[in-house]
Structures are given as structure tokens and as C-alpha cells.
There are 2 protein chains.
Amino acid sequence: MNVQTFSALAEPNRLAIVDLLLDEPLPVGEIAGKLNLNQPQTSKHLRVLSEAGLVEVQPLANRRIYKLRPEPLQEMDKWLDSHRRMWESRMDRLEGYLNSLKEKKH
Amino acid sequence: MNVQTFSALAEPNRLAIVDLLLDEPLPVGEIAGKLNLNQPQTSKHLRVLSEAGLVEVQPLANRRIYKLRPEPLQEMDKWLDSHRRMWESRMDRLEGYLNSLKEKKH
DNA sequence: AAGGAATATTCCCGTCAAGGAATGTTCGGG
DNA sequence: CCCGAACATTCCTTGACGGGAATATTCCTT
């Protein structure tokens, strides 16, 4: 699992940008407008997200359209899989235990 | 989605600790030994993980046993859900497109 | 009570990161 | 060709962060 993805998302503004781009690709100005960020600030955050591979840029005249790339989040999903199995296993065991408690009450 | 979870995991040593604890709870010394970390270094990272809610401590004599807490990762899983739906939707559309290509070849 | 083991905390230092202001670059329209 | 719009980059400042060394704290054994 790549730490760079976590680093990129460990900043509130960048997390908000990623959430925003979930709906549709957007140009920098619209991202800045919707999140009340300065344009240079937005630009710099987008650069970090791009370097982490979370977004890709599509030039359109003087605009730059940013869209999400799923690969790093898919990798995070895969990493989460092993944890998911762990906590689901514990939930199964808890369930089994509670069921056995119920049976003992009959 | 809580940025603090991402921040906690955005450090290679802490990510390694979380991976290690996936198998079983461990005391500080063993974590330090397995990851080749100094004890104070390990202690400090565990503190950050604890403050993020990713681990909990169980004192056992002069030892402190650290174990994972699933809640923050479950929250991350939930956050990832909306992204999962987005990239699966795109995969569906790609699949449909490829299928329609295949049909045209008959 | 003293000592050892295990661990947490503090202080200091060097590096990194975010924001603001200013400036540079690119594209399209007139 | 010039200008405006959209955006990227640079420089500076400030605060955060990780590691190392030293020290403090807690528990158990003798």
C-alpha cells in the first residue's frame, strides 16, 4: 500500500477536492469556487493529488480539467480487504457467541 | 471521512505497525523488534495511532499490548464505497462498450 | 526498598508542508 | 499583435512532524 496516497488525502482541502471530483471532472476555477479556495492554493493541491496519481489533467484551451483516477483508491481498497476480513471475522465470532448465549437461555 | 486517519497512515512506520497488528495484538517491544525501530520511536508512533483511534492499549504488568480498532478503517471503507460505485460504474460501461464491439464483429 | 524491564514523555534539531503574494505561462478572441 | 482569462510556479514565512538522546514512570521480582 502506497503511503503517498494517504499523504495526499491527509489534508482537508485535498480530501474535499477528491470528494468534489467524484461527481464529475471540473476545471481549476470551479473547484476553487466551490470550495472557497484561492486559485494558486487550489493549483498546488491539485498538483499534489496528481503526483500521487489520484487525478489526471486534461487541457482544454486555457483550462485544465481535472478528473479522478481510480487506481490508487483501488489499491487502498485492496489493502483494506485484509482488514475487512479481520473485522468481519471478529463480528462472525461475536455473532456466534451471542447466538450461543441465546440458546442457553432457552 | 476523518483526515486524522489518513494522517496517521501517511507515515511508513505507522502503516507497517498497522499491518503488523493485523495478525495479532503485540506489546511495544515486539513491534519495535519486528520493524527494527527504536523503542521511543515506536512508542511515539503508537501514540499517534492511538490518538487517531486506530489502536487501543491494554496494560499487562509493565507491558502495553496494542491492538487494532476497526472503526476508523470501517469509516474509510464506507467513504471508499462511493468511489467504488463510481469506478465500478465506469467498468460496467466499458464492459458494455466492449460487448457491443464484439457483436459488431459477427 | 532497590533494581531491572518495559514503556512513555520531553527536549532539541532538521526537514517538510501549507498558505499568501507575486509573477510567469498558455490559449483564445478581438 | 495585444489583452484578458485561466492556471502553474516561485519565493518567503510559519507551523508541523519525525528521529535521536535523555529522562521519567510503572510494574514485578528479589
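Here is how names work: the chains are called A, B, and so on, in the same order as the sequence lines, proteins then strands, and each is numbered from 1.
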Asks: Could you tell me how far apart A:Leu60 (CG) and D:dC7 (C1') are, to the nearest whole angstrom?
Replies: 13 Å

Asks: If I take atom CD in residue B:Glu11 and atom C1' in nucleotide C:dT15, what distance separates them, rounded to the nearest angstrom?
Replies: 13 Å

Asks: How long is the line joining CD of B:Gln39 and P of D:dT23, in whole Å?
Replies: 15 Å

Asks: How close do A:Ala52 and A:Pro72 get, heavy atom to heavy atom, and via which atoms?
Replies: O-CG, 3.9 Å

Asks: Answer yes or no: does a side-chain N or O of A:Asn62 lie under 4.0 Å from OP1 or OP2 of C:dG29?
Replies: no

Asks: Of the candidate nucleotides D:dG19, D:dT10, C:dA5, which contains the atom at the shortest distance from the side chain of A:Lys44?
Replies: D:dT10

Asks: Take A:Pro40 and A:Arg63, find for each the nucleotide of DNA chain D with the closest heavy atom, and name the residue whose nucleotide sits nearer the 5' end.
Replies: A:Arg63

Asks: Taking only side-chain nitrogens and oxygens of B:Arg64, does any of them come within less than 4.0 Å of OP1 or OP2 of D:dC27?
Replies: no

Asks: Rounding to an integer number of Å, can you tell me how far B:Ile17 CD1 sits from D:dG19 C1'?
Replies: 14 Å

Asks: Does any residue of residues 20-35 of chain B have a heavy atom under 4.0 Å from DNA chain D, and if so, which ones, in number order?
Replies: none

Asks: Can you check the A:Glu51 CD to C:dA18 P distance for me, whole Å?
Replies: 11 Å

Asks: Which nucleotide in the list D:dG19, D:dT26, C:dG19 gets nearest to the side chain of B:His45?
Replies: D:dG19

Asks: Name the pairing partner of D:dG18, where a pair is Watson-Crick or G-U wobble with both distances under 3.5 Å, or state none.
Replies: C:dC13

Asks: So, taking the atom named CG in A:Leu26 and the one named CD in A:Glu30, what distance separates them when rounded to the nearest 0.5 Å?
Replies: 5.5 Å

Asks: Whole-Å distance between C:dA6 P and B:Asn38 CG?
Replies: 15 Å

